[in-house]
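Written out below as structure tokens is the structure these notes cover.
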Amino acid sequence: MDMLLNPLDRRHRLRHDIPVMPGAFPLVGHLPAIVCDLPRLLRRAERTLGSHFWLDFGPAGHMMTCVDPDAFPLLRHKDVSSALMEEIAPELLGGTLVAQDGRAHRQARDAIKAAFLPKGLTQGGIGDLFAPIIMARVQAWRDRGDVTILRETGDLTLKLIFSLMGIPAHDLPGWHRKYRQLLQLIVAPPVDLPGLPLRRGRAARDWIDAQLRQFVRNARAHAARTGLINDMVSAFDRSDNALSDDVLIANIRLLLLGGHDTTASTMAWIVIELARQPVLWDTLVEEAQRVGAVPTRHADLAQCPVAEALFRETLRVHPATTLLPRRALQELQLGQRRIPAGTDLCIPLLHFSTSALLHEAPDQFRLARWLQRTEPIRPVDMLQFGTGPHVCIGYHLVWLELVQFSIALALTMHKAGVRPRLLSVEKGRRYYPTAHPSMAVRIGFS
Ligand code: HEM
């Protein structure tokens, strides 16, 4: 099937001397192709228009997209702002640290970042907290024999982030559904009618926020309890010009989202890759048997190089965050182009993650590229987490979580004499607002 582009829009146009990709639909622009077929869309645009082109994000407007890896350092540029995020999805990202710049951003980030560094994770006993939850879930999969993988990893990663936050986890499928509806706000056409994504997304936001307000009230009433939510409430309450409860709620909502959606997608891809590649599975099982138990401290992760390489290579081939929007505050030079102040930019992490300019044989899934490297990990090696002031806060957490998960899966399934197998062909993969394998992929353990 050809790409989801509008055959009636064939005009070749320029904006600020940069070509506009043809094929946009009224109202939704290139969003259908961005959501369902982003890699092909970017490749076609590069082949026909060059390294700089405009994509139409429908309600979010046009963004100048640059597929030259020179665009990656823009994420660290002082004249590039994240505020565009809030304009794209005010109900989802308004007031959150990811959409702020400068001092406001630092203040909100400082209130939480320590808990997510290796020292904070070890002091908080997060590895010990997670290991039994992961083991129990993997054992349940073994007993059931087959699972719809993305639904399962969504439930598991939500449970993990709830336990880290120190809040009770009831009705996880309900939370998962609400978060998916909430994410649709990023691509929802601006039509507010019952049953349409905008109305559903706003209702999901209200539902989530009402629950979070209750958790914050409980945290204040029981200040002696542990868990990140209590730490965040006290840090926000202590801050110089006390940040409002709306900002606190918005950031907890963001952490729960950041803490589960992208991780669930990566975890599901890990299982799919292990099911597709028997040799990969055997290599992981060998390592799991050698270490003998699920690691719980960051320092132990060095003993699991195969599981770490699996985490890095899975993310490289299937990055969960594909595009980052930004705005140029001043005129910028990008490669051979002059970008006027005020231009909205799209930084295509997905394209760089599989670019031949950055990786040898980029389309091949190769653990060796990580296992055989001698130099330390550079920002460009973990570009799936962004870079600069907004670089992902959850990087060390996901690394721990996914290594724990891989070792737990290998130990449990190998002991039962089974391995993962792909039961259904993968169709319905998505690339935006966040990327994930098809909801329908089923994995058997036999
Ligand atoms: C595979 C998993 C993950 C991926 C691929 C990922 C990716 C990213 C990326 C690309 C950014 C940068 C956004 C930007 O520059 O605009 C980011 C930021 C962020 N991530 Fe993650 N993330 C993951 C897991 C997590 C987890 C587990 C958490 C929290 C528990 C988390 C919390 C955050 C937060 C709070 C930010 C905003 C940081 C800031 O604006 O200063 N993420 N993530």
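Each ligand, and each atom within it, is numbered from 1 in the order the structure gives.
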Can you check whether Leu75 reaches Ile347 side chain to side chain, under 4.5 Å on heavy atoms? yes
Please list, in number order, the atoms of ligand 1 under 4.0 Å from a heavy atom of Met85. 16 (O)
For Thr322 and Tyr431, indicate whether the former's side chain and the latter's backbone hold a donor-acceptor pair under 3.5 Å. yes
Restricting to heavy atoms, the pick from Leu400, Thr96, Leu402, Val98 nearest atom 37 (C) of ligand 1 would be Val98
Report the part of Ile161 in contact with ligand 1, treating N, CA, C, O as backbone and CB onward as side chain, heavy atoms under 4.0 Å; options are side chain, backbone, both, neither. side chain
Tell me which protein heavy atom sits closest to atom 38 (C) of ligand 1, plus the residue, atom name and distance to 0.1 Å. Arg109 NH1, 3.4 Å
Is the closest N or O pair between His390 and ligand 1 shorter than 3.5 Å? yes
Return the CG to CG distance between Leu400 and Leu160, rounded to the nearest 0.5 Å. 10.0 Å
With a 6.0 Å cut-off on ring centres, are His260 and Tyr179 close enough? yes
Determine whether a donor-acceptor pair (N or O, by modelled atom type, separation under 3.5 Å) exists between the side chain of Arg337 and the backbone of Ile339. no
With a cut-off of 4.0 Å, which atoms of ligand 1 are near a heavy atom of Leu397? 27 (C), 30 (C)
Numbering as shown, the atoms of ligand 1 that approach Arg326 to under 4.0 Å (heavy-atom distance): 14 (C), 15 (O), 16 (O)
For ligand 1, indicate whether the residue Gln100 contacts it via side chain, backbone, both or neither (heavy-atom separation under 4.0 Å). neither
Check: Pro118 main-chain N/O paired with Thr122 side-chain donor or acceptor under 3.5 Å: yes
Which residue and non-hydrogen atom of the protein lie closest to atom 13 (C) of ligand 1, and at what distance in Å? Leu324 CD2, 3.8 Å
What protein heavy atom sits nearest atom 1 (C) of ligand 1, and how far away is it? Thr266 OG1, 3.4 Å
Any salt bridge between Arg220 and Asp245, counting N to O under 4.0 Å? yes
Does some non-hydrogen atom of Leu97 fall short of 4.0 Å from ligand 1? yes
If you have a sec, work out which protein heavy atom is nearest atom 30 (C) of ligand 1 and how many Å separate them, to one decimal? Phe116 CE2, 3.4 Å
Is there a donor-acceptor pair closer than 3.5 Å between any side-chain N or O of Asp146 and the backbone N or O of Phe445? no
Sub-6.0 Å ring centroid separation between His436 and His318: no
Should the pair Arg202-Glu91 be classified as a salt bridge under the 4.0 Å nitrogen-to-oxygen rule? yes
In the protein, what heavy atom is nearest to atom 5 (C) of ligand 1, and what distance, to one decimal place, separates them? Gln384 O, 3.6 Å
Regarding Arg177 and the six-membered ring of Trp207, is the cationic atom NZ or CZ under 6.0 Å from the ring centre and inside 45° of its axis? no
Side-chain heavy-atom pair Leu323, Leu55 within 4.5 angstrom cut-off: no
Short version for Pro389: what comes under 4.0 Å of ligand 1, heavy atoms counted, is backbone
Please work out, at 4.0 Å between heavy atoms, whether the side chain, the backbone, both, or neither of His105 comes within that distance of ligand 1. side chain
For the side chain of Arg253 and the backbone of Asp209, is there at least one donor-acceptor N/O pair under 3.5 Å apart? no
Protein N/O/S atoms closer than 2.8 Å to atom 21 (Fe) of ligand 1, ordered by chain and number, come to Cys392 SG
May I ask you to test the Leu256-Leu212 pair for a side-chain heavy-atom distance under 4.5 Å? yes
Test your reading of the structure: does Thr263 have an N or O sitting under 3.5 Å from an N or O of ligand 1? no
Check: of Leu164, Val391, Asp101, Leu255, min heavy-atom distance to atom 35 (C) of ligand 1 comes from Leu255
